[in-house]
Amino acid sequence: MLKQFLNLKLSQKLSPQQIQLMKLIQLPTQAFEQRLLEEMNENPALEAGKEDEYEADEYANDDYDDYDDAESDRIEADDINIDEYLSDDDTPDYKTQVNNYSDDEERETPFAAPISFHQDLINQLNTFILNDEEREIAEFLVGSIDDMGYIRRSIPDIVDDMAFTQGIYTDEAMVEKMLTVIHELEPSGVGARDLQECLLLQLKHKTPTEYVDLAIDIIENQFDAFTKKHYDKLLQKYSVSNEQLKKAIHEIERLNPKPGGSFAGNNKVTENVVPDFAIRIVDGELELTLNGRNAPSLHVSKDYQEMMQTYKESKDKSTAQKDAVQFIKQKLDSAKWFIDAIRQRQETLFVTMNAIMHYQEEYFLDGDETKLKPMILKDIADMVGLDISTISRVANSKYVETPYGTKLIKEFFSEAMKNDQGEDVSTLEIKKILKNTIEEEDKRKPLPDDQLAEILKEKGYPIARRTIAKYREQLDIPVARMRKKI
């Protein structure tokens, strides 16, 4: 039996130019600058700077389609599905630097030649007197250290791996010996095989004191009780006062559980954020500016337009000339489109951020995060008449410099929840109140999630315990037991 089905599919189709515009919009300032340089390198008809004494549109309306030999190769807009071309992964990686200034278009940040974490450790090895065998083993151990500073593999596995992959034949005793050399390197704690060993290595590098010695004993012999914060058990075990234990715990808390992560050159991407916008308060009013690096001066090459005009006036039009003019026309059209796309990008960025600024005006005037209103992408899209996807591309990777620091724009968006008065409040406001409540708690008796839920309910925010747990995790705040102090 045959069944006939009607399947309707609605897909949004955009032209190649519209797709490129969407990609330009989602680029943050430094990535946009890189894209601009690439375009200028690829298109000689696109030039930087203001155009003097020349009408840029002089030939804009000239029709050269008679010489368009590539007509059959044109891409039809109906053949392109935007979903196949746009994704959140299209934004390239970029190096940025945190700057709290808006006139950064004239500033350049010098970068020192980076040295890797592992190369730094190898350089330190050169200060030790080692024979060839010891050096090979030590360098292999350095290569086995992860970015956090740990060696996660067992000694027998390392011995086997050296034999099979490097042809280095040794025994566990020699590897253990070389591991003690690795443990002398900086940062202290590097080459540890677990957290306990990492903390012990760092404590043993400290100047011995009563409290350091106690801390070493605790980590060496009472590590489980320490990690579970069973302080009563530790007080009973060592017969010390609260103050003595507190100072020993303080010595441990000052240690670095990820020694490799502290190495300045270990970051794969240097986080340097250049704000795309700046908000100032002038005479009690908010003032928005777009980073000047997003508004470069560009114009179409005068030389290329003159070449096109010369060809137009020529009576002898050979095949070679037609091929040349086709190339020139393509570059001119591309340059004019790119200039227009940048102008549209500027307008889109500005109107979107301007709407966000006015929507969250109370917050931007005094910086009180509890005054952030519930705001979703659709709210801003409706205000400016743009698609939600466009608003998302502006918000996801752009930063704004405010009187209260440089902020990622998407952080101003949040869902709404009802308070006990039936009013919509931002989840950001609730998280801020939760954070303040935890900061003010008695650290000797930290509040569990159910008590936090009761406190917020008393403040007018009826929230379930599981929601408290979710918000606490999003704020990177540990459970009550792990917040306990003596």
Side-chain angles (χ1 to χ4, degrees), residues 117 120-121 123-125 127-129 138 141-142 144-152 154-155 172-173 175-264 266 435 438-448 472 476-486:
F117 173 49
D120 181 66
L121 296 177
N123 291 345
Q124 292 182 58
L125 277 180
T127 64
F128 290 80
I129 300 175
L141 288 172
V142 166
S144 300
I145 295 173
D146 65 20
D147 287 341
M148 292 298 101
Y150 287 84
I151 293 178
R152 307 285 184 179
S154 68
I155 297 298
E172 295 180 20
V175 174
E176 288 279 8
K177 178 184 175 182
M178 287 301 98
L179 193 55
T180 62
V181 174
I182 301 300
H183 290 164
E184 293 298 316
L185 304 179
E186 294 292 336
S188 180
V190 72
R193 285 160 286 185
D194 53 41
L195 176 60
Q196 184 178 15
E197 184 176 38
C198 179
L199 298 179
L200 272 175
L201 288 171
Q202 294 179 61
L203 286 169
K204 289 178 178 179
H205 276 79
K206 284 177 169 285
T207 303
T209 66
E210 172 190 353
Y211 307 115
V212 170
D213 290 343
L214 178 56
I216 290 174
D217 200 327
I218 290 172
I219 295 301
E220 213 160 24
N221 303 306
Q222 298 294 325
F223 187 68
D224 187 58
F226 166 74
T227 57
K228 294 179 179 177
K229 300 204 172 188
H230 291 167
Y231 296 133
D232 292 340
K233 181 179 178 180
L234 293 175
L235 287 170
Q236 184 178 5
K237 168 70 178 177
Y238 292 104
S239 300
V240 294
S241 67
N242 275 348
E243 189 63 24
Q244 288 174 309
L245 181 60
K246 184 176 181 179
K247 289 183 178 180
I249 298 299
H250 180 63
E251 291 289 348
I252 299 172
E253 289 176 339
R254 291 166 58 190
L255 305 176
N256 186 357
K258 299 176 181 178
S262 64
F263 185 75
N266 199 32
K435 182 179 179 181
I438 292 175
E439 288 175 350
E440 295 168 0
E441 71 184 358
D442 181 355
K443 295 304 178 185
R444 293 172 298 179
K445 296 181 179 179
L447 301 167
R472 178 177 51 70
D476 200 24
I477 297 175
V479 296
R481 176 174 57 81
M482 299 305 296
R483 303 197 303 271
K484 186 178 181 181
K485 295 185 181 295
I486 58 172

Problem set entry | Residues Glu176 and Arg193 bridged, charged N to O under 4.0 Å |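 Yes, this pair counts.
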Distance check, rounded to the nearest 0.5 Å: [X] atom [atom1] versus [Y] atom [atom2]?
| X | Y | atom1 | atom2 | result |
| --- | --- | --- | --- | --- |
| Ile151 | Glu197 | CD1 | CD | 8.5 Å |
| Leu200 | Phe223 | CG | CZ | 8.5 Å |
| Tyr211 | Lys246 | OH | NZ | 12.0 Å |
| Leu235 | Tyr231 | CG | OH | 10.5 Å |
| Leu447 | Arg483 | CG | CZ | 6.5 Å |
| Leu214 | Leu245 | CG | CG | 6.5 Å |

Could you report the tightest heavy-atom contact between [X] and [Y], atom names first, then the distance?
| X | Y | value |
| --- | --- | --- |
| Lys233 | Gln222 | CE-OE1, 4.1 Å |
| Leu185 | Phe128 | CD2-CE1, 3.6 Å |
| Gln196 | Glu220 | NE2-O, 3.5 Å |
| Tyr238 | Asn221 | OH-CB, 4.4 Å |
| Thr209 | Val212 | OG1-N, 3.1 Å |
| Leu179 | Gly191 | CD1-O, 3.9 Å |

Exercise. Is the count of non-hydrogen atoms from other residues, nucleotides or ligands lying under 6.0 Å from Lys435 atom NZ greater than 12?
Worked result: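 Count not over threshold, so no.
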Exercise. Counting only heavy atoms not in Lys206, do more than 12 fall under 6.0 Å of its NZ?
Worked result: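 Enclosed.
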Exercise. Does a donor on one side chain and an acceptor on the other come within less than 3.5 Å for Asp232 and Gln236?
Worked result: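 The answer is no; no qualifying pair exists.
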Exercise. Do the side-chain N and O atoms of Glu210 and Gln244 include a donor-acceptor pair separated by under 3.5 angstrom?
Worked result: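 Yes.
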Exercise. Do Glu251 side-chain atoms and Leu203 backbone N/O form a donor-acceptor pair below 3.5 Å?
Worked result: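 Answer holds: no.
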Looking at side-chain heavy atoms only, is the closest gap between [X] and [Y] below 4.5 Å?
| X | Y | value |
| --- | --- | --- |
| Pro259 | Phe117 | no |
| Asp224 | His230 | no |
| Glu253 | Lys485 | yes |
| Val181 | Lys177 | no |

For this session: Identify the residue among Leu121, Leu201, Leu125 that makes a side-chain contact (heavy atoms from CB on, under 4.5 Å) with Ile182.
Result: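 Answer to the side-chain contact (heavy atoms from CB on, under 4.5 Å) test with Ile182 among Leu121, Leu201, Leu125: Leu125.
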Exercise. Listed by chain and number, what are the side chain to side chain contact (heavy atoms under 4.5 Å, CB included) partners of Asn123, not counting sequence neighbours?
Worked result: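 With neighbours one apart ignored, the set is Ile115, Gln119, Asn126.
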For this session: Identify the residue among Lys445, Lys443, Arg444 that makes a salt bridge (charged side-chain N to carboxylate O under 4.0 Å, His left out) with Glu441.
Result: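 Of the listed residues Lys445, Lys443, Arg444, the salt bridge (charged side-chain N to carboxylate O under 4.0 Å, His left out) partner of Glu441 is Lys443.
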